[in-house]
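First the structure, in the form of structure tokens, and then the observations on it.
Every value quoted in this text rests on a predicted model; they were computed, and no experiment measured them.
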Amino acid sequence: MSKVIINTKNTKGIINKNIYGQFAEHLGRCIYEGLYVGEDSEIPNTNGMRNDVVEALKELDIPVLRWPGGCFADDYHWRDGIGDKDKRPYMVNTNWGGVVENNHFGTHEFFDLCEQLGCEPYITGNVGSGTVKEMRDWIEYMTFDGDSPLANERRKNGREKPWKLKYFGVGNENWGCGGGMRPEYYSDLYRQFRTFIRDYGDEPIYKVGCGANANDTNWTKVVLENAGHCMDGISWHNYTYEGDWNNKGSSYDFDENGWYSVFADVERMRKRLNDHIAAMDYVDPDGKVDLLVDEWGNWYDVMPGTNPGFLLQQNTMRDAVSGMVILHMFHEANRRVKMANIAQMVNVLQAMVLTEGERIALTPTYHLFKMMKGHHDGTLVDAFYDSKCYDTDGESVPKISVSPSIKDDILTTTIANTSLDEDETLEIELDRSFTDISAQVLTADNMCDFNSFDEPDKVVPKPLAVTLDGNKVSITVPAMSIAAITLK
């Protein structure tokens, strides 16, 4: 039995709900077939957005959605995606599979999707192959309410009032697919492009600088030193996998070593995150610039027989459990981490939803995000516990991860058990009384289990036995599972 002490009086910051953000790129079948099927599709839709997927995603209370990429963003020219669909120019998506992009999903469609989901839009602009004028014009087209050629063009295309655009990223992965730049060069470009992102609305646009990849703290440091004074946030991208970048492992056919190696990489991610925060604290000790982990998730080898550029993979209990550990990591780093966007929302990488024609399957990661909703904008409170650890791939991996938060006098505590074969009985001691308790668990018979189109409910949350005796809670969290306790 392990003991957990939760002190609700010792608060540790607000868990920004944007940590539970999503990401949709023009990649594989994320946009087309996944989210957008067109108005003439036999699949029920609203303005081309498939109703079943939208309704499922609305259950997650998605706070923010990043679009159009990703690598696609720095090859995207917004004018190609407005106006009559039958007149929009085609392009070849050279980043992802070499397929033809018809640009039927563009600016108007993206904002319509955000309105259907009830989330804030986060747009990434084209620095790698675009121009300052192109980005400047896009901002005016989207957000200006006055009389101008661009605002009137938007009205002609069907949108009378401007949209509210809260977040705008100046480029994506400009150290790589976004232009192969040095941080010094990108810093100058950021300052130039950012100057022309005008605030036409009542609320200033939150401007995001392109941050680093994985462990490149030099990029973070140099960009903040040269341009941090004129940015609100800086991004960071980190993916986790089983093997290495060239051999990431199977998403659904792995052994015990494959399970544990992912959790070892999660611990490496934790070290990288702390290193980037330390670099930010050195340059920006007052914490004026936020950290946005706007691409993260488990990345495996593509499903056999599929287009390697579509990044289609399955989603098992390994993804749900490791995903909770990473989200807990973001909770703990809430002083700096104000947004995170898992890659990606539908049919790509660690997706929430998979589609095949008219059928959909909700993944274990989807259920993870639904179980974590109680943490949105909650106040993180202190939890003391001594987790057993195991060594794998040179890393010390905790067996359990616990994160409690309180909001509207409701205490939400989520627990991940990373062990494949040991249940964990917890005695949780609280510093105050509650009168109502419930718990649910997500687990499976086999570590490789996933939800398929033929078995969409193979891995779903179920009630979990829990007792409340005065200020003490007793619960047993099964091996390879995640649990959520709600106390009122």
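- Not counting sequence neighbours, the partners of Trp96 by the side chain to side chain donor-acceptor pair (under 3.5 Å) test are Glu25.
- With sequence neighbours left out, the side chain to side chain donor-acceptor pair (under 3.5 Å) criterion links Asn157 to Tyr141.
- Annotation: disulfide bond (SG atoms under 2.5 Å apart) contacts involving residues 142-223, sequence neighbours excluded, comprise Cys71-Cys177.
- Here Lys85 pairs with Glu109 under the side chain to side chain donor-acceptor pair (under 3.5 Å) rule; sequence neighbours left out.
- Sorted by first and then second residue, the disulfide bond (SG atoms under 2.5 Å apart) pairs with a member in residues 267-320 form an empty list; sequence neighbours excluded.
- With sequence neighbours excluded, no residue satisfies ring-ring contact (aromatic ring centres under 6.0 Å, His included) with Phe168.
- Annotation: side-chain contact (heavy atoms from CB on, under 4.5 Å) contacts of Glu358 (sequence neighbours excluded): Ile43.
- For Thr46, the side chain to side chain donor-acceptor pair (under 3.5 Å) partners two or more places apart in sequence, or in a different chain, are Asn51.
- Listed by chain and number, the residues in a side-chain contact (heavy atoms from CB on, under 4.5 Å) with Ala361 are Phe453 (sequence neighbours excluded).
- Listed by chain and residue number, Tyr190, Lys207, Cys230 satisfy the side-chain contact (heavy atoms from CB on, under 4.5 Å) test with Arg194 (two or more places apart in sequence, or in another chain).
- Between Asp409 and Lys488, no side-chain nitrogen of the basic residue sits less than 4.0 Å from a carboxylate oxygen of the acidic one, so the salt-bridge criterion is not met.
- Electrostatic pairing of Lys164 and Asp202 does not count as a salt bridge here, judged by no charged N lying under 4.0 Å from a carboxylate O.
- Residues that satisfy the ring-ring contact (aromatic ring centres under 6.0 Å, His included) test with Phe110, not counting sequence neighbours, are Trp67.
- Not less than 6.0 angstrom separates the ring centroid of Trp219 from the ring centroid of His276.
- Of the charged side-chain nitrogens involved, none lies within less than 4.0 Å of a carboxylate oxygen, so that Asp232 and Lys166 do not count as a salt-bridged pair.
- With sequence neighbours excluded, the residues that form a side-chain contact (heavy atoms from CB on, under 4.5 Å) with Asn47 are Asp112, Gln116.
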